[in-house]
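This is a predicted model, so every value here is computed, not measured. In listed order, ligands and their atoms are each counted from 1.
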Amino acid sequence: MTSLYQFQTADYLVGGNQSIEKLAELLKERVTDLSTVLVVSQVGLIELGLLDSVYKQLEQEGIRAITISSILPEPTVKSIQALADEYASESFDYIVAVGGGSVLDAAKLLSVLHTNNVTVQQLLDGQQATVEGIPTAMVPTTAGTGSEVTPNAIVTIPDQELKVGIVSRFFLPALVILDPSLTTGLPKPFTAATGMDAFTHAFESYISNKANMFSDVFALESIRLISDSIVESYENGSSIEAREKMLMGSMYGGMALTSAGTAAVHALAYPLGGKFNIPHGVANSMLLPHVTSFNLDSMMERLPAVAKAMSIHEEGDTLEQTADKIIAQIEEWIRVLNIPQDLKEFGVTDGDITHLAEAAIKIKRLLDNNPKSLTVLEIENLYKKLL
Ligand SMILES: NC(=O)c1ccc[n+]([C@@H]2O[C@H](COP(=O)([O-])OP(=O)(O)OC[C@H]3O[C@@H](n4cnc5c(N)ncnc54)[C@H](O)[C@@H]3O)[C@@H](O)[C@H]2O)c1
Ligand SMILES: [Fe+2]
């Protein structure tokens, strides 16, 4: 545990089934004379009808909508810069982002790029935004990255085969709407992968070197909600109750990681996303049991609380039994949720391991949070377990 700790989050959060219906009212409360909104999403989500209510409300209120619907999954630096340039001369009062982490992260960058004289590349190089962006309303449709409550935006750099996180307090949204009805149509593979990503945020925050009295509360509640509902939301996707627990669990996971940070699972997952386009949640799920086994001796005393939150702890369990139960439960989820467990399925070969490990060891920001330090060789061995 660190002695100094911090927490920050979005300005205003609204939850509940059909809460999206409140969007226009909430926007008008925040900006008098709201005239134009930039809607950021993806064609597929618009076609599914996920933005019908947004457009209907904006039209009813006479608010003009400009739409960007071309956000790539796991967006690249170039794609976001191109959109920022294309819309630089447009004027809008608010950004409304409806989508998964890819859309929310893109919207954060578009917001800040619009008001700061800076490029995505300069932000990657460490330059900071100095003024607030266009205010954002974030509506997550996956559960999820928790991006709606984090100051992070993650971009892919294909030429360097990397994914990198950019951090700015100006990325935090003004408004968050957590409406589980928007997540009931999330297909099973995405429900599984994004749900395990959310669990990983909570778990890694709880065992992080930066874990603290803010993050522990959010992490354990996130673990409790997700453990209770991840299988149900996968098997019975239309269950509002399960989807709501996942959405809240994902948000609490985002709050936990904002304060404590993620660790080695995320550090090792990034190169898999950057080079082999393995979806973020899938990469995390694959690594989670192996990195957890590796970390065990440095975090044993943290595990009973995790097992209790997962409802798998029994009176009298030893620390070793508790650890075994946690890893077994994670492996069981991966099996039930049909998450791939073999990097070969994504085209990774033995010859790629050195390069992957060299990329992962550079992600110091996250490796520093890991309860146990890792050498390049240890990272290589962890990747090898997935081949
Ligand atoms: N900012 C953060 O704090 C943070 C944290 C973790 C991950 N991330 C980043 O977020 C991105 C991944 O986000 P994600 O896991 O939410 O996936 P995503 O946004 O890429 O979405 C996955 C797929 O699901 C579709 N989809 C989304 N919602 C849907 C719905 N309700 N119904 C049907 N289809 C739907 C999308 O169109 C996409 O094809 C990655 O780039 C990752 O690195 C960011
Ligand atoms: Fe993540």
Side-chain angles (χ1 to χ4, degrees), residues 9-10 20 40-51 69-77 79-80 97-109 136 138-157 162-168 171-173 179-205 222 233 237-238 243 246-247 250-251 253-259 261-274 277-285 287-288 363 366:
T9 197
I20 190 66
V40 179
S41 191
Q42 291 171 321
V43 179
L45 303 182
I46 296 173
E47 283 173 359
L48 282 171
L50 291 188
L51 285 92
S69 61
S70 56
I71 303 300
L72 298 174
E74 325 241 342
T76 60
V77 174
S79 70
I80 294 175
V98 183
S102 299
V103 167
L104 306 187
D105 284 3
K108 290 175 178 181
L109 283 159
T136 54
M138 304 244 164
V139 186
T141 64
T142 62
T145 64
S147 174
E148 68 276 11
V149 289
T150 73
N152 311 337
I154 293 153
V155 288
T156 309
I157 316 172
L162 270 183
K163 288 193 77 175
V164 180
I166 303 174
V167 185
S168 168
F171 287 158
L172 283 164
D179 182 347
S181 73
L182 299 175
T183 68
T184 53
L186 187 66
K188 277 180 190 275
F190 294 121
T191 300
T194 60
M196 285 304 290
D197 182 29
F199 180 84
T200 308
H201 294 157
F203 186 78
E204 288 213 286
S205 297
S222 174
S233 72
S238 59
R243 294 291 193 178
M246 286 303 294
L247 201 53
S250 158
M251 180 208 62
M255 289 178 166
L257 82 84
T258 293
S259 185
T262 56
V265 176
H266 271 74
L268 270 64
Y270 281 158
L272 293 173
N277 295 321
I278 302 178
H280 177 76
V282 172
N284 280 324
S285 311
L287 289 158
L288 182 60
I363 310 182
L366 304 185

Inset, instruction - Return yes or no for this condition: an N or O of Asn152 is under 3.5 Å from an N or O of ligand 1. - result: yes
Inset, instruction - Report yes if some N/O of Thr150 lies less than 3.5 Å from some N/O of ligand 1; otherwise report no. - result: yes
Legend entry - Thr258 side chain vs Thr9 backbone, donor-acceptor pair below 3.5 Å: no
Legend entry - Glu74 side-chain N/O to His280 backbone N/O, donor-acceptor pair under 3.5 Å: yes
Inset, instruction - Check the side chains of Arg243 and Ser181 for a donor-acceptor pair under 3.5 angstrom, ignoring hydrogens and angles. - result: no
Legend entry - Minimum heavy-atom distance Phe190-Leu186, with the two atoms named: CB-CD1, 3.7 Å
Inset, instruction - Compare Phe171, Phe190, Tyr270 and give the one whose heavy atom is closest to atom 23 (C) of ligand 1. - result: Phe190
Legend entry - Residue Leu50 vicinity, atoms of ligand 1 by number, heavy atom under 4.0 Å: 30 (C), 31 (N)
Inset, instruction - Using a 4.5 Å cut-off on heavy atoms from C-beta on, say whether the side chain of Leu288 contacts that of Phe199. - result: yes
Inset, instruction - Kindly identify the option in Leu182, Leu186, Asp105 whose heavy atom sits closest to atom 31 (N) of ligand 1. - result: Leu182
Legend entry - Under 3.5 Å: donor-acceptor pair, side chain of Lys108, backbone of Pro151: no
Inset, instruction - Heavy-atom contacts with Gly100 under 4.0 Å: which atoms of ligand 1 show up? List them by number with element. - result: 16 (O), 19 (O)
Legend entry - Closest protein heavy atom to atom 21 (O) of ligand 1, given as residue, atom name and distance to 0.1 Å: Thr142 CG2, 4.2 Å
Inset, instruction - Please state whether Gly99 comes within less than 4.0 angstrom of ligand 1, counting heavy atoms only. - result: no
Legend entry - For atom 18 (P) of ligand 1, closest protein heavy-atom neighbour: Ser102 OG, 3.4 Å
Inset, instruction - Give a rough value, rounded to 10 degrees, for the angle at the Fe ion (ligand 2) between atoms NE2 of His266 and OD1 of Asp197. - result: 100°
Inset, instruction - Examine the proximity of ligand 1 to Leu104 and report which part, side chain or backbone, both or neither, has a heavy atom under 4.0 Å away. - result: neither
Inset, instruction - Look at atom 4 (C) of ligand 1 and say which protein heavy atom is nearest, naming residue and atom and giving the distance to 0.1 Å. - result: Ile154 CD1, 3.6 Å
Inset, instruction - Would you confirm whether His201, through its side chain, and Ser250, through its main-chain N or O, come within 3.5 Å as a donor-acceptor pair? - result: no
Legend entry - Shortest protein contact, atom 28 (N) of ligand 1 (heavy atom only): Thr141 OG1, 2.7 Å
Legend entry - Whether Asp179 side chain and Ile20 backbone form a donor-acceptor pair below 3.5 Å: yes
Legend entry - Polar side-chain atom of Glu204 near backbone of Ala264 as donor-acceptor pair, under 3.5 Å: yes
Inset, instruction - Provide the number and element of each atom of ligand 1 under 4.0 Å from a heavy atom of Leu48. - result: 32 (N), 33 (C)
Inset, instruction - Among all protein heavy atoms, pick out the one at the shortest distance from atom 38 (C) of ligand 1; state its residue, atom name and that distance to 0.1 Å. - result: Gln42 OE1, 4.1 Å
Inset, instruction - Give the minimum heavy-atom separation between Ile363 and Pro271, together with the two atoms involved. - result: CD1-CD, 4.1 Å
Legend entry - Test item: Leu45 and Val98 side chains (from C-beta on) under 4.5 Å apart, heavy atoms: no
Inset, instruction - Measure the spacing between CD1 of Ile80 and CG of Asp105 and express it to the nearest 0.5 Å. - result: 7.5 Å
Inset, instruction - For the pair Ser102 (side chain) and Pro73 (backbone), establish whether a donor and an acceptor sit closer than 3.5 Å, ignoring hydrogens and angles. - result: no
Legend entry - Which residue and heavy atom of the protein sit nearest atom 26 (N) of ligand 1, plus the separation: Leu45 CD2, 3.6 Å
Inset, instruction - Could you tell me whether the side chain of Ser147 and the main chain of Gly101 form a donor-acceptor pair under 3.5 Å? - result: no
Inset, instruction - Determine whether the side chain, the backbone, both or neither of Asp197 has a heavy atom under 4.0 Å from any heavy atom of ligand 1. - result: side chain
Legend entry - Heavy-atom nearest neighbour of atom 13 (O) of ligand 1 within options Gly101, Ala193, Gly273, Gly144: Gly101
Inset, instruction - Show which atoms of ligand 1 fall inside a sub-4.0 Å distance from at least one heavy-atom site of Pro187. - result: 33 (C), 34 (N)
Legend entry - Option whose closest heavy atom lies nearest to atom 41 (O) of ligand 1, chosen from His280, Lys163, His201: Lys163
Legend entry - Protein heavy atom at shortest distance from atom 15 (O) of ligand 1: Thr194 CG2, 3.2 Å
Inset, instruction - Could you tell me whether ligand 1 has any atom less than 4.0 Å away from a heavy atom of Gly185? - result: yes
Inset, instruction - Could you list the atoms of ligand 1 found under 4.0 angstrom from a heavy atom of Glu74? - result: 12 (C), 40 (C), 41 (O)
